[in-house]
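Contents: one structure, followed by commentary.
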Amino acid sequence: MTDSSSVDGPRKVAPDDRATTGPFDESEANPVRPYIDLGGIKILPREGLNLRLEVEEQTKRIVAVGLDYAGSTLQVQPFAAPRSAGLWEETREQIRQQIRQQGGRVEEREGPLGPELLAEVPVIAGPDGTAGKRLARFVGVDGPRWFLRGVIGGAATADVEAAAAVEDLFRSIVVVRGGSPMPPRDLIPLKMPATPGSA
């Protein structure tokens with residue numbers, strides 16, 4: 001077994017061209033583009049893109065951004081990360097264990113964004129409680145002091161064109177880590193877009 005972790009912790013996992021093709025750090029983004037500002041991330045609006053904010057019941061805190069696009073869904077979450085180590089190696093292992101505990105199947109493969117997990121997750125499908133299966137792709141990219149996680153569902157789990165469209169959407173996201181100190185793995189705060197209805 002090769003040791004992929006350095007003295008500082010697990011290596012960062014990201015496409016080699018991440019700084020030029022995304023997902024971007026705020027310092028790498030084009031400042032003149034009309035991004036939708038959601039706090040911890042900025043999204044580039046595009047034709048046919050529908051945006052949902054996922055809110056935690058008790059705290060009313062926005063915990064994820066859901067994007068409906070190309071017959072698919074993409075749920076994204078930005079996390080604080082150490083400067084020198086990545087979170088995706090460890091996070092993949094946690095996701096793998098969770099899915100197996102739920103009785104699902106999961107395989108790791110090399111995707112356009114680097115290593116990703118393709119999972120078959122059991123879900124209650126019918127009103128009569130019949131169990132179904134849902135395919136999901138878990139993708140992740142370690143950036144400078146942040147980690148962006150995505151869960152892809154719908155057409156992009158199997159259809160090549162939809163997959164390319166959703167991967168492109170994921171890559172267009174800008175992560176705004178901010179300067180304040182945050183413990184690694186903490187969700188970078190998300191907020192409602194400033195101008196409702198413009199998204």
Side-chain angles (χ1 to χ4, degrees), residues 4 6 9-52 64-92 95 108-119 135-179 184-185 187-188 190 193 199:
S4 67
S6 64
R11 66 192 173 97
K12 287 187 178 287
V13 181
D16 294 337
D17 57 356
R18 185 206 60 74
T20 48
T21 56
F24 300 103
D25 185 64
E26 186 182 21
S27 64
E28 299 155 344
N30 182 336
V32 297
R33 299 186 85 172
Y35 287 104
I36 303 166
D37 183 358
L38 299 162
I41 56 175
K42 291 180 177 177
I43 308 274
L44 201 58
R46 50 182 77 198
E47 191 66 40
L49 174 64
N50 187 20
L51 189 115
R52 286 174 289 109
V65 176
L67 302 165
D68 300 325
Y69 185 63
S72 313
T73 56
L74 168 63
Q75 183 209 57
V76 288
Q77 293 176 295
F79 296 96
R83 192 180 295 277
S84 53
L87 296 181
W88 186 217
E89 299 264 298
E90 211 175 276
T91 306
R92 281 204 313 282
I95 293 169
E108 179 156 327
R109 60 182 192 178
E110 196 59 34
L113 298 159
E116 62 174 62
L117 296 176
L118 181 64
L135 273 181
R137 286 173 60 198
F138 293 85
V139 296
V141 170
D142 287 308
R145 296 175 60 236
W146 52 259
F147 163 64
L148 184 65
R149 180 183 134 162
V151 184
I152 299 170
T157 55
D159 180 80
V160 178
E161 276 178 36
V166 173
E167 286 150 14
D168 181 61
L169 173 63
F170 186 76
R171 280 191 162 227
S172 73
I173 293 172
V174 176
V175 179
V176 184
R177 165 65 179 78
R185 294 177 194 77
L187 187 66
I188 299 170
L190 296 163

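Note that the numbering runs from 1 along the sequence shown for the chain.
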Please name all residues satisfying side-chain hydrogen bond (donor to acceptor under 3.5 Å, both in side chains) with D159, sequence neighbours left out, ordered by chain then number. none
Would you confirm whether [X], through its side chain, and [Y], through its main-chain N or O, come within 3.5 Å as a donor-acceptor pair?
X    : Y   : result
S72  : A70 : yes
K12  : S84 : no
D142 : A14 : no

Ionic contact status for R177 with D25, cut-off 4.0 Å: no
Would you say [atom1] of [X] has more than 12 non-hydrogen atoms from neighbouring residues, nucleotides or ligands within 6.0 angstrom?
X    : atom1 : value
N50  : CG    : yes
E108 : CD    : yes
R83  : CZ    : no

Measuring only between side-chain heavy atoms, which start at C-beta, is [X] closer than 4.5 Å to [Y]?
X    : Y    : value
R149 : F138 : yes
F79  : T91  : no
V13  : P115 : yes
P78  : L187 : yes
L148 : I41  : yes

Give me the atom names and distance for the closest heavy-atom approach of [X] to [Y].
X    : Y    : result
I152 : T157 : O-CG2, 3.5 Å
R171 : F24  : O-CE1, 3.5 Å
P82  : L87  : CD-CD2, 4.2 Å
P112 : R137 : CD-NH2, 4.2 Å
Y69  : G48  : CD1-O, 3.7 Å
G111 : E116 : CA-OE1, 3.7 Å

Which value, rounded to the nearest 0.5 Å, describes the distance between [X] atom [atom1] and [Y] atom [atom2]?
X    : Y    : atom1 : atom2 : result
L67  : L169 : CG    : CG    : 5.0 Å
E90  : R185 : CD    : CZ    : 4.0 Å
R109 : L118 : CZ    : CG    : 4.5 Å
W146 : E26  : CH2   : CD    : 11.5 Å
E28  : R18  : CD    : CZ    : 4.0 Å
L38  : I188 : CG    : CD1   : 13.0 Å

Only one of I43, L44, L74 clears side-chain contact (heavy atoms from CB on, under 4.5 Å) with L49; which? I43
My understanding is that only residues two or more places apart in sequence, or in another chain, count here; which of them pass ring pair (Phe, Tyr, Trp, His ring centres under 6.0 Å) with F147? W88
